[in-house]
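No hydrogens, no waters, no symmetry mates; every other heavy atom, side chains included, goes into these values. The chains referred to below are lettered A, B, ... by the order of the sequence lines, with proteins before strands, and numbering in each begins at 1.
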Protein chains: 2
Amino acid sequence: MRLSYYFLPTLKENPSEAQIISHRLMLRTGMIFQASAGIYAWLPLGTRVLRKIEQIVREEQDRTGAQEILMPTIQSAELWRESGRYDAYGLEMLRITDRHDREMLYSPTAEELVTDIARKHIKSYRDLPRMMYQIQWKFRDEIRPRFGVMRGREFLMKDCYSFDLNYEGALVSYRKMLEAYIKTFSRMGLTAIPVKADSGAIGGDLSQEFQVLASTGESLVFYDQALDSIVKNKGEVDVNRLMSLYAAEEGLHDPQKCPVPEDQLKTARGIEVGHIFYFATKYSDAFNACVTGKDGETIPLHMGSYGIGVSRLVGALIEANHDEAGIIWPESVAPFIVGLLNLKPGDNKCDTLCEEIYHKFLNQGIEVLYDDRNERPGAKFANMDLIGIPWQIRVGTRTMETGQIEMKCRRSGEIQELSFESALTSLKKRMAT
Amino acid sequence: MRLSYYFLPTLKENPSEAQIISHRLMLRTGMIFQASAGIYAWLPLGTRVLRKIEQIVREEQDRTGAQEILMPTIQSAELWRESGRYDAYGLEMLRITDRHDREMLYSPTAEELVTDIARKHIKSYRDLPRMMYQIQWKFRDEIRPRFGVMRGREFLMKDCYSFDLNYEGALVSYRKMLEAYIKTFSRMGLTAIPVKADSGAIGGDLSQEFQVLASTGESLVFYDQALDSIVKNKGEVDVNRLMSLYAAEEGLHDPQKCPVPEDQLKTARGIEVGHIFYFATKYSDAFNACVTGKDGETIPLHMGSYGIGVSRLVGALIEANHDEAGIIWPESVAPFIVGLLNLKPGDNKCDTLCEEIYHKFLNQGIEVLYDDRNERPGAKFANMDLIGIPWQIRVGTRTMETGQIEMKCRRSGEIQELSFESALTSLKKRMAT
């Protein structure tokens with residue numbers, strides 16, 4: 001993509017309305033546009049990141065055997081009365097009356113509808129186990145939306161639901177999802193600690209929240225340091241060991257009862273990005289969602305639900321990956337892998353070389369943002385640093401003299417001089433792993 | 001995917017509530033689940049097709065230089081009052097009041113919001129041209145929703161918007177989109193005729209609707225037969241010739257004034273799946289969305305908008321591709337390319353061979369649905385025919401004897417006996433083109 005043509009409305013000043021760094025940076029880099037209180041449009045740079053995150057979430061959900069579905073955002077109040085949540089949800093639920101005066105609502109989550117689907121289509125123990133997920137917009141009418149996409153009203157969420165015959169089956173599903181979450185977050189370069197969670201409004205027994213570690217996080221997390229290496233694992237996850245290790249949020253952490261020796265207990269700030277929980281037959285009882293067992297008996301479905309805040313993750317990623325110059329995207333979620341900087345636009349040789357390099361990247365399937373604008377080098381450096389592209393390739397006068405380009409690593413700040421071919425080879429190697 | 005594990009709740013009987021074939025087949029094949037009047041959940045088979053269509057639409061939009069964004073579904077009434085459409089839209093607009101008594105609505109289209117983004121971020125003639133699109137859920141509160149996803153209330157739409165300095169620029173954008181639409185629909189194996197359209201509520205001058213030809217279509221289309229070969233083109237589209245040829249819907253067709261000789265005029269039934277139009281400065285005037293020109297003058301943006309009914313296309317595809325046995329998916333949008341049928345489940349040799357074939361397909365990246373269920377061959381044939389997988393690979397007793405499998409083409413009905421390796425080679429060739 002040529003920057004001269006890319007819709008990237010960056011701001012020169014920090015927007016005054018933004019209190020936290022991710023909100024500030026998302027506005028400054030033109031990733032988002034505020035449409036109403038707590039409601040954002042995603043502009044091209046933001047949309048690219050959101051789609052990357054969505055795709056990693058989807059791949060790891062698929063790997064568990066969960067199957068993708070899509071439930072509507074507008075649902076009938078009737079269905080939510082069956083579970084009792086139409087009244088219980090309070091003002092956070094966006095309530096709507098349609099032209100025929102039917103009461104509807106904007107789905108804040110989807111246990112009711114997925115249980116309705118299950119009771120109509122899952123009839124036999126042979127149809128189990130079953131996991132279904134969707135990546136779909138949700139709405140919660142927060143009284144005081146703030147922090148940009150971190151606590152917006154309209155947000156993109158992945159919600160998965162499991163259906164099993166009994167507790168033992170549900171535990172297998174729960175553990176699969178736990179493993180998928182570890183892989184999902186570690187692929188994004190995040191350290192996400194699963195902590196004991198309150199069961200909250202939905203109720204439950206097995207219940208864990210995923211807290212992404214970031215110094216700006218809203219909650220305080222206490223955890224066994226042995227978790228660090230397990231949750232950063234991209235390969236096989238030791239679920240048994242993971243579940244045996246202590247981790248709790250401030251409110252649930254009791255120093256008196258904590259089993260971890262003080263010198264192994266870590267404390268860090270975290271941002272909640274996911275929640276997995278088992279809630280037994282809470283909804284299947286309410287909806288009479290049962291299957292026929294082997295001997296003809298009627299068995300209520302054991303269910304769990306598993307959420308990831310997909311749009312929230314964009315904010316959390318920035319909270320965990322930035323410096324004073326701007327965002328530092330991990331490669332797996334970066335909007336572009338390479339920023340190509342033409343430092344002498346208008347110079348025939350330099351333009352020709354940049355075009356050549358640009359097309360070589362495109363041909364190799366490496367996403368490149370080419371700064372072909374008529375701007376000073378300093379402005380170009382600052383802009384690429386701000387929007388956080390992992391690798392900068394700089395082409396200027398020296399390149400004409402030495403045949404070498406400069407390659408800057410956004411994260412380390414390190415700059416190497418090398419031939420374009422060597423840079424391409426090293427980037428291709430990184431992409432392959 | 002193993003069918004024994006796939007959530008595919010097919011129905012034995014035709015659902016009585018469905019009046020048209022696509023609605024009937026989508027319910028029978030378990031592609032969708034009705035959640036409320038005109039509101040559907042997409043189950044795994046339907047979601048796969050929807051995602052395939054979405055991806056083709058995205059690729060062809062990207063190719064035009066349009067950039068993907070995402071606008072929120074819930075928008076403020078205030079914005080829609082600026083254009084006058086808050087009152088003009090009538091009861092089809094789903095109106096909502098939030099907890100702070102602010103008037104909101106569920107976006108039925110997004111000219112207002114995109115113009116708001118443009119007026120805040122597109123300031124100079126140098127920022128033009130610009131095209132932005134989104135693939136996002138919309139809501140129109142139809143008084144009598146029917147025909148399944150063909151006239152649902154909540155639906156997935158691609159909407160693109162172009163911004164130019166003047167009419168000439170807007171015409172270039174319009175033509176790019178016209179070409180993209182031809183490619184989009186022809187990649188899906190559809191014949192889509194662009195016909196002159198009424199400007200409708202939004203107003204305009206250049207305005208064409210795309211009608212997918214299907215004998216069950218709701219409208220009657222009159223067109224120059226020379227269009228047939230142009231719109232089926234997947235390569236370079238001759239836009240000049242395309243725009244010069246006559247095509248009109250019944251309401252706008254005047255036999256007295258039609259320039260096409262009778263023997264070159266074709267008549268066919270069509271389903272509207274897209275609409276492109278130029279509406280000049282209608283919204284930029286209302287929103288004061290202007291840029292500064294070369295000489296410092298203020299110039300209102302010339303805009304166009306370009307829609308594709310993504311979820312509606314699923315229905316249109318079925319209307320255009322079915323027979324008495326069920327759906328016949330074109331390969332480019334098929335949920336799976338191959339249906340693998342184990343005709344002797346439980347037979348050790350047959351199971352082993354099927355597993356081997358199943359994994360070979362997976363390793364080659366060919367999407368395969370493996371019917372490993374304990375069912376009779378006849379039931380398996382009927383099921384694969386019903387859900388419309390383009391190629392069936394049948395493995396049974398004869399395969400053990402001859403070493404050959406049966407490969408059935410769903411569309412032609414033709415069955416060949418050949419070695420698995422030959423089948424794989426021929427499928428790989430098809431995928432590559």
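At a 4.5 Å heavy-atom cutoff, the contact between B:R58 and chain A is made by side-chain atoms alone. For B:L113, the part sitting under 4.5 Å from any heavy atom of chain A is the side chain, from C-beta outward, and nothing else. With a 4.5 Å cut-off on non-hydrogen atoms, A:M93 does not touch chain B at all. In this structure, no portion of B:Q34 lies under 4.5 Å from any heavy atom of chain A. Contact of A:L91 with chain B is made through backbone and side chain together, with heavy-atom distances under 4.5 Å. At a 4.5 Å heavy-atom cutoff, the contact between A:E92 and chain B is made by backbone and side-chain atoms alike. Neither the backbone nor the side chain of A:A110 comes within less than 4.5 Å of any heavy atom in chain B. Contact of A:E154 with chain B is made through the side chain alone, with heavy-atom distances under 4.5 Å. Heavy-atom distances place the side chain of A:K120, and not its backbone, under 4.5 Å from chain B. Residue B:L45 does not touch chain A at all, counting heavy-atom pairs closer than 4.5 Å. With a threshold of 4.5 angstrom between heavy atoms, A:L156 does not approach chain B through any atom at all. With a 4.5 Å cut-off on non-hydrogen atoms, A:L43 touches chain B through its backbone and its side chain both. For A:R48, no part lies near chain B; criterion is any non-hydrogen pair under 4.5 Å. In this structure, chain A has a heavy atom under 4.5 Å from the backbone of B:Y40, while its side chain stays farther away. Residue A:F139 touches chain B through its side chain alone, counting heavy-atom pairs closer than 4.5 Å. For a residue to count as touching a neighbouring chain, one of its non-hydrogen atoms must lie under 4.5 Å from one of that chain's; by this rule B:I74 touches chain A with backbone and side chain alike. For a residue to count as touching a neighbouring chain, one of its non-hydrogen atoms must lie under 4.5 Å from one of that chain's; by this rule A:Y106 touches chain B with the side chain only. Both the backbone and the side chain of A:T73 come within less than 4.5 Å of a heavy atom of chain B.
With respect to A:R81 and A:E78, no salt bridge is recorded, no charged nitrogen being found less than 4.0 Å from a carboxylate O.
Under 3.5 Å, the side chains of B:R373 and B:Y6 contain no donor-acceptor pair of N or O atoms.
With A:M31 as the partner, the side chain to side chain contact (heavy atoms under 4.5 Å, CB included) test is satisfied by one option alone out of A:T10, A:V49, A:T47: A:V49.
With respect to chain A, the highest number of heavy-atom pairs below 4.5 Å among B:R51, B:R102, B:M104, B:M132 belongs to B:R51. With respect to chain B, the highest number of heavy-atom pairs below 4.5 Å among A:I96, A:V114, A:D127 belongs to A:I96. Chain B forms more heavy-atom pairs under 4.5 Å with one residue of A:A35, A:P72, A:A41, A:S4 than with any other, namely A:P72.
Remark: B:R95 is positioned above the aromatic ring of B:Y86, its terminal NZ or CZ atom under 6.0 angstrom from the ring centre and at most 45 degrees off the axis.
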